[in-house]
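Here is the naming used below: chain letters follow the sequence lines, and residue numbers restart at 1 for every chain.
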Number of protein chains: 4
Amino acid sequence: MARTTGSNGEETKARIRSCALSLIADHGFEAMSMRRLAAAVGVQSAALYRYFPTKQALLAALMTGHMNQLLAAWAEAIPGDSAAPLTRLDAFARFHIRYHMARPHEVFIAYMELRSLSPVHYKAVGKLRSTYEGILKDILTDGSQCGDFQLDDVHVTAMAMLAMLTGVTTWYQPGGGLSAADVEAHYTALVCRMAMTDFTDTTELPQQAAR
Amino acid sequence: MARTTGSNGEETKARIRSCALSLIADHGFEAMSMRRLAAAVGVQSAALYRYFPTKQALLAALMTGHMNQLLAAWAEAIPGDSAAPLTRLDAFARFHIRYHMARPHEVFIAYMELRSLSPVHYKAVGKLRSTYEGILKDILTDGSQCGDFQLDDVHVTAMAMLAMLTGVTTWYQPGGGLSAADVEAHYTALVCRMAMTDFTDTTELPQQAAR
Amino acid sequence: MARTTGSNGEETKARIRSCALSLIADHGFEAMSMRRLAAAVGVQSAALYRYFPTKQALLAALMTGHMNQLLAAWAEAIPGDSAAPLTRLDAFARFHIRYHMARPHEVFIAYMELRSLSPVHYKAVGKLRSTYEGILKDILTDGSQCGDFQLDDVHVTAMAMLAMLTGVTTWYQPGGGLSAADVEAHYTALVCRMAMTDFTDTTELPQQAAR
Amino acid sequence: MARTTGSNGEETKARIRSCALSLIADHGFEAMSMRRLAAAVGVQSAALYRYFPTKQALLAALMTGHMNQLLAAWAEAIPGDSAAPLTRLDAFARFHIRYHMARPHEVFIAYMELRSLSPVHYKAVGKLRSTYEGILKDILTDGSQCGDFQLDDVHVTAMAMLAMLTGVTTWYQPGGGLSAADVEAHYTALVCRMAMTDFTDTTELPQQAAR
DNA sequence: AATGAATGAGTATTCATTCAT
DNA sequence: CATGAATGAATACTCATTCAT
């Protein structure tokens with residue numbers, strides 16, 4: 001036999017992508033076999049190679065796809081460079097949390113499977129990641145320069161904020177006592193506190209408090 | 001050949017542990033083959049099985065070992081429950097950052113390979129993890145109750161802080177412009193800001209700022 | 001390489017079966033490695049798993065296949081329940097000897113590798129075996145009831161006859177002084193003697209003779 | 001450590017033998033690992049090699065041991081060459097059944113694991129086996145010559161009798177409706193019938209019966 | 001557009017055996 | 001007399017991938 005009647009290339013490709021996301025999120029990229037993926041999609045494994053030349057290419061497609069969509073989504077949601085830094089920071093935090101909580105599979109994979117990428121793809125995804133980090137760093141730099149924020153180090157603060165925000169996917173389970181909106185509000189508040197400055201430098205505080 | 005002259009069980013076991021840490025950190029647990037591990041240790045793969053009955057058992061030993069050492073190290077470093085919450089929070093943050101920056105392999109594995117654990121081991125490690133999280137939560141709760149901290153939600157804040165602190169291992173490279181002491185200071189400051197309250201509730205700020 | 005030009009699934013499967021029969025008969029099931037089997041068939045070991053999911057499944061297929069063919073062959077050769085018991089017994093003995101001498105490999109395996117079967121398969125094969133034993137027991141029972149045979153115990157006699165008849169494969173080598181037809185005649189005669197009764201009960205004879 | 005206090009060579013050797021008999025009977029020789037055997041005995045596997053230089057040697061020891069004991073036991077039980085052939089046949093049958101039913105493990109192994117023997121050991125065991133078969137053949141020959149038995153072929157008859165008698169171990173389970181004495185009586189009767197002649201040649205009977 | 005048949009390299013694990021102690 | 005540490009070869013089985021159809 002050959003072509004299954006009624007089969008359609010685009011549809012199959014989309015099914016492969018979504019099945020792969022589930023399987024990788026559940027078992028990890030290395031642990032997902034092309035056979036299992038094919039079974040989930042409902043084709044023979046040989047058919048997968050019509051759409052993605054290698055397993056690596058599939059992972060790369062998933063990850064760059066995710067990063068590109070993330071950047072595109074931000075471009076749409078963007079409040080503009082002209083707004084006040086705190087407004088922009090708040091918007092960024094809300095956007096990030098909301099976007100990530102809605103796509104736990106993609107996010108998990110984007111962070112966990114970086115090491116499974118071949119050097120070439122790793123570099124490409126790294127670039128997209130840097131672009132995204134740049135958005136936050138620009139906001140922090142602007143706020144720092146105009147005096148709205150007081151930060152020890154823009155880079156460190158940005159990395160800390162992103163780790164914190166992205167970390168939500170590792171513990172949040174919908175259906176518990178907290179709504180997604182609650183989480184979004186709490187995390188956004190924490191991010192803003194981290195940037196705001198109206199309190200004495202904390203590196204001295206403990207000693208004071210210990211007095 | 002049989003027993004190598006001068007070979008010693010305890011030593012071999014330690015070498016297996018440390019080689020496994022490197023290899024898993026670099027390639028992931030699934031991607032580390034027992035053959036490659038044996039080669040790194042300098043024995044035949046069959047020899048590994050004298051020390052760890054399965055690959056799973058090796059991972060579990062590594063992870064529970066790490067968590068137990070972490071808890072033991074804290075118990076030693078502990079400033080006592082009687083100190084002021086902010087002092088204790090500061091101490092916790094510094095301890096966590098310092099401990100984790102010194103053991104990037106263990107930390108990476110402890111967070112990345114949870115899913116590779118079998119259910120039984122997963123549960124065991126989960127318990128140890130909760131114990132550690134409990135330390136921070138207790139500090140936050142105490143600070144909240146005595147009014148030193150003002151927090152929206154102890155659990156959310158604790159999770160956010162831990163993700164942020166632990167995240168340092170994903171980007172920090174010694175030898176850049178930042179010293180480990182700088183990073184420790186910055187992160188500790190951020191943690192304290194997240195707990196301190198002497199500025200208006202940020203959930204309202206953005207709207208104000210957007211005016 | 002991939003698919004060999006002109007390769008055909010059914011053919012490969014048949015070749016696997018027949019090579020497996022030879023190898024198991026020669027070395028035993030446990031001692032036959034899938035590698036050696038693959039080499040005998042002329043494929044890579046991985047190819048075997050397209051046809052039989054496990055080594056166990058291959059053994060089970062061989063053994064149930066043998067038993068089913070044996071039962072089918074009898075159903076075809078059957079002289080009918082209406083014939084005289086002695087006629088039927090003679091027919092059974094001839095059939096059994098002839099069938100077994102023609103398939104020494106299958107027979108040897110069917111008796112020797114029972115213990116290598118997993119419990120599930122063991123039970124299935126056991127059922128088929130009982131069905132076959134039932135054929136002989138029915139003949140003996142009928143002959144006993146109509147007085148043609150005089151038997152101490154139908155079950156014991158049936159077991160004894162089957163062990164005797166099947167045992168031929170352990171020593172008979174074609175090309176010696178005895179033809180297969182001779183063996184068939186001799187064994188059939190022995191079976192009939194075991195069932196016939198026109199001589200004094202032998203359990204008393206030795207004592208008499210010993211007098 | 002070295003010698004376990006109180007350990008004794010002869011005792012250990014005997015324990016190895018008896019544990020090996022159980023394990024081989026249960027799982028087969030190939031499936032019994034020296035490790036499992038050592039565990040059953042309560043020593044390290046290396047210790048086994050003090051008593052048997054290889055796994056093969058252990059099997060050979062078990063099998064030649066069994067055959068030698070069998071022959072020795074017959075020599076003791078022997079009723080003498082002067083008795084009447086039927087008496088001697090009866091005695092042989094009773095002896096064989098009794099001896100074999102009492103040692104199912106040894107018997108099972110002696111018949112099932114012949115193929116696991118290396119050529120050298122196979123030949124040695126084969127010789128002992130032939131000696132034992134010779135006992136029966138002599139009885140049959142004597143009975144044939146003096147006219148007490150009428151046999152088509154001494155060799156075929158002997159083989160048939162031995163297969164039949166030995167087969168008892170494959171189905172008899174003590175504790176059912178049949179006592180060991182019953183089985184002995186039934187089998188002995190069958191053997192005697194096979195040798196006795198006072199009924200028309202059975203090879204012609206079926207045709208008659210089919211009339 | 002997809003299948004059915006196959007490959008070759010790899011997996012974790014187990015084996016009988018050895019030898020320094 | 002026996003152990004503890006190790007070996008080297010083997011085991012059943014799985015993998016990503018290929019290619020004729």
Side-chain angles (χ1 to χ4, degrees), chain A residues 1-9 12-13 30-38 42-51 53-56 58, chain B residues 1-13 30-38 43-51 53-56 58, chain C residues 1-9 11-13 30-38 42-51 53-56 58, chain D residues 1-9 12 30-38 43-51 53-56 58:
Chain A
M1 220 204 309
R3 180 171 185 172
T4 310
T5 24
S7 70
N8 171 281
T12 305
K13 187 161 191 171
E30 302 245 25
M32 174 198 74
S33 84
M34 294 298 266
R35 242 120 88 171
R36 257 188 283 226
L37 173 56
V43 297
Q44 287 300 113
S45 24
L48 301 176
Y49 290 83
R50 289 234 137 234
Y51 301 96
T54 64
K55 201 187 173 193
Q56 256 294 313
L58 169 58
Chain B
M1 226 196 307
R3 181 171 188 171
T4 312
T5 317
S7 71
N8 170 277
E10 278 312 309
E11 215 179 286
T12 305
K13 186 162 191 171
E30 302 243 29
M32 174 198 75
S33 86
M34 294 299 265
R35 249 134 67 178
R36 260 191 282 246
L37 173 56
V43 296
Q44 289 301 114
S45 19
L48 302 176
Y49 290 84
R50 275 195 63 73
Y51 301 96
T54 62
K55 200 186 172 193
Q56 255 293 313
L58 169 58
Chain C
M1 225 197 306
R3 182 172 190 169
T4 313
T5 317
S7 71
N8 170 278
E11 216 179 286
T12 305
K13 186 162 192 172
E30 303 242 29
M32 174 199 73
S33 85
M34 294 300 265
R35 255 147 42 194
R36 261 191 282 246
L37 172 56
V43 296
Q44 288 301 115
S45 20
L48 302 177
Y49 291 84
R50 273 195 65 73
Y51 302 96
T54 63
K55 201 187 172 193
Q56 254 294 313
L58 169 57
Chain D
M1 222 200 311
R3 179 172 186 172
T4 310
T5 25
S7 69
N8 170 280
T12 305
E30 302 244 25
M32 174 198 73
S33 84
M34 294 298 266
R35 249 136 63 184
R36 255 187 284 227
L37 173 56
V43 297
Q44 287 301 112
S45 22
L48 301 176
Y49 290 84
R50 289 235 138 235
Y51 301 95
T54 63
K55 200 187 174 193
Q56 255 296 312
L58 170 57

Over all heavy atoms of both residues, which pair between B/Thr54 and B/Tyr49 is shortest? Give the atoms and the distance, please.
CA-CE2, 4.4 Å

Measuring from atom OG1 of C/Thr12 to atom CZ of C/Arg50, what distance do you get when rounded to the nearest 0.5 angstrom?
9.5 Å

Whole angstrom is fine here: how far is it from CG in C/Leu48 over to P in E/dG4?
19 Å

Result for 5'-nearest mapping on DNA chain F, choosing between C/Met32 and B/Gly9, is B/Gly9

What integer distance in Å separates D/Arg35:CZ from E/dA16:P?
8 Å

Does F/dC15 have OP1 or OP2 sitting under 4.0 Å from an N or O in the side chain of A/Arg36?
yes

I need the D/Met34 CE to D/Met32 CE distance, nearest 0.5 Å.
6.0 Å

Separation of E/dG10 P from B/Glu30 CD (nearest whole Å):
18 Å

Need to verify one output field. Residue with the more 5' nearest nucleotide on DNA chain E, C/Arg50 or B/Ala46?
C/Arg50

Atom-pair distance (NZ on C/Lys55; P on F/dT11), nearest Å:
9 Å

Roughly how far, to the nearest 0.5 Å, is CZ of A/Arg35 from CG of A/Leu48?
11.5 Å

Looking at F/dA16, I'd like to know if its phosphate oxygens (OP1 or OP2) sit under 4.0 Å from a side-chain N or O belonging to A/Thr54.
no

So, is A/Ser33 close to the F/dT14 phosphate, meaning a side-chain N or O under 4.0 Å from OP1 or OP2?
no

With both distances kept under 3.5 Å, what pairs with E/dT21, Watson-Crick or G-U wobble?
F/dA2

Please determine whether a side-chain nitrogen or oxygen atom of C/Gln44 lies at a distance below 4.0 Å from atom OP1 or OP2 of E/dG8.
yes

What integer distance in Å separates A/Tyr49:OH from E/dA2:P?
16 Å

Might you point out which heavy atoms bring A/Glu30 and B/Glu30 nearest each other, and give the distance in Å?
CB-CB, 4.0 Å

Starting at atom CD of D/Gln56, determine the distance to atom P of E/dC15, rounded to an integer number of angstrom.
17 Å

Between C/Thr12 and D/Ala31, which is nearer to the 5' end of DNA chain E once each is assigned its nearest nucleotide?
C/Thr12

Could you let me know what E/dA16 is paired to, Watson-Crick or G-U wobble, both distances under 3.5 Å, or none if it's on its own?
F/dT7

Figure out the CD/P separation between B/Glu10 and F/dG4, and round it to whole Å.
13 Å

5'-most contact on DNA chain F: B/Val43 or C/Pro53, nearest heavy atom basis?
B/Val43

Rounded to whole angstrom units, what separation is found between the CG atom of C/Asn8 and the P atom of F/dC19?
21 Å

Is B/Tyr51 near enough to F/dA6 that one of its side-chain N or O atoms lies under 4.0 angstrom from OP1 or OP2?
yes

